Amino acid sequence: MMLRAGCFVLASLLCVGAAMARDDGRYANTDPELKKWFDKLSSKRGPCCSDADGFALSDVDWESKDGRYRVRLEGKWYDVPEDAVVTEPNRVGRTMIWPIKYPDTIHIRCFMPGAMM
């Protein structure tokens, strides 16, 4: 009985954590049109979710060579798959990435290059 109750509590906490990882509304009041754009943003791998799920990369954490991109996440370089690149114009200007982290690797759902300065 205690094991069953413990599993229920753990599952509940994981669900709450997953729900909190979604868009928390922090951009809803700044620019509604920009928020709508982020919510519809996608790559060939599917929807990127929203800006709250992704984050901006510093220029030193990404590079472009021969039309391909690489990013540095958690100290390790990853090649960005071609189908993860967002092809529509970047309305925010900064480089953004939407990674999915697994215990042994990182899967790149979406990558949107910015302007290297």
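Everything numeric in this text was worked out from a predicted model, so none of it was measured.
- For the atom pair M96 CE and F111 CZ, the distance stands at 11.0 Å (nearest 0.5 Å).
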Could you go through the side-chain contact (heavy atoms from CB on, under 4.5 Å) check for E33 and F38 one step at a time?
-> CA-CA 9 Å; E33 291 303 313; F38 270 118; over 6 Å; no

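- Counting non-hydrogen atoms of neighbouring residues, nucleotides and ligands closer than 6.0 angstrom, the CD atom of E82 reaches no more than 12 such neighbours.
- Side chain of R72 to backbone of V60: a donor-acceptor contact under 3.5 angstrom is found.
- The closest side-chain heavy-atom distance from Y69 to V85 is below 4.5 Å.
- The minimum heavy-atom distance linking G114 with N90 is given by the pair CA-ND2, 3.8 Å.
- Using a 4.5 Å cut-off on side-chain heavy atoms (C-beta onward), W62 and V80 make no contact.
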Kindly determine whether E74 and I106 satisfy side-chain contact (heavy atoms from CB on, under 4.5 Å), including the steps that lead there.
-> CA-CA 10 Å; E74 299 179 355; I106 294 177; 4.1 Å; yes

Determine, stepwise, if the pair W37 / E88 fulfils side-chain contact (heavy atoms from CB on, under 4.5 Å).
-> CA-CA 11 Å; W37 177 76; E88 71 177 85; 2.6 Å; yes

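- Side-chain heavy atoms closer than 4.5 Å link hydrophobic residues (I, L, V, M, F, W, Y) into clusters, and following such links, even through other members, never connects I97 to W77.
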Please output the side-chain donor-acceptor pairs of residues 40-49 that fall under 3.5 Å, not counting sequence neighbours, one pair per line with the distance.
unit_1 : atom_1 : unit_2 : atom_2 : d
S43    : OG     : R45    : N      : 3.1
S43    : OG     : D83    : O      : 3.4
S43    : OG     : R109   : O      : 2.9
R45    : NE     : D83    : OD1    : 2.8
R45    : NH1    : H107   : ND1    : 3.4
R45    : NH1    : H107   : NE2    : 3.1
R45    : NH1    : I108   : O      : 3.0
R45    : NH2    : D83    : OD1    : 3.3

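- Rounding to the nearest 0.5 Å gives a distance of 10.0 Å between CG of D61 and OG1 of T95.
- The list of disulfide bond (SG atoms under 2.5 Å apart) pairs with a residue in residues 59-109, not counting sequence neighbours, is empty.
- For residues 64-95, the set of pairs meeting the disulfide bond (SG atoms under 2.5 Å apart) definition, not counting sequence neighbours, is empty.
- Note: the hydrophobic cluster containing V71 also contains F55 (ILVMFWY, side chain heavy atoms under 4.5 Å, direct or indirect links).
- Considering all non-hydrogen atoms of both residues, V92 and M112 come closest at CG2-CE, 4.1 Å.
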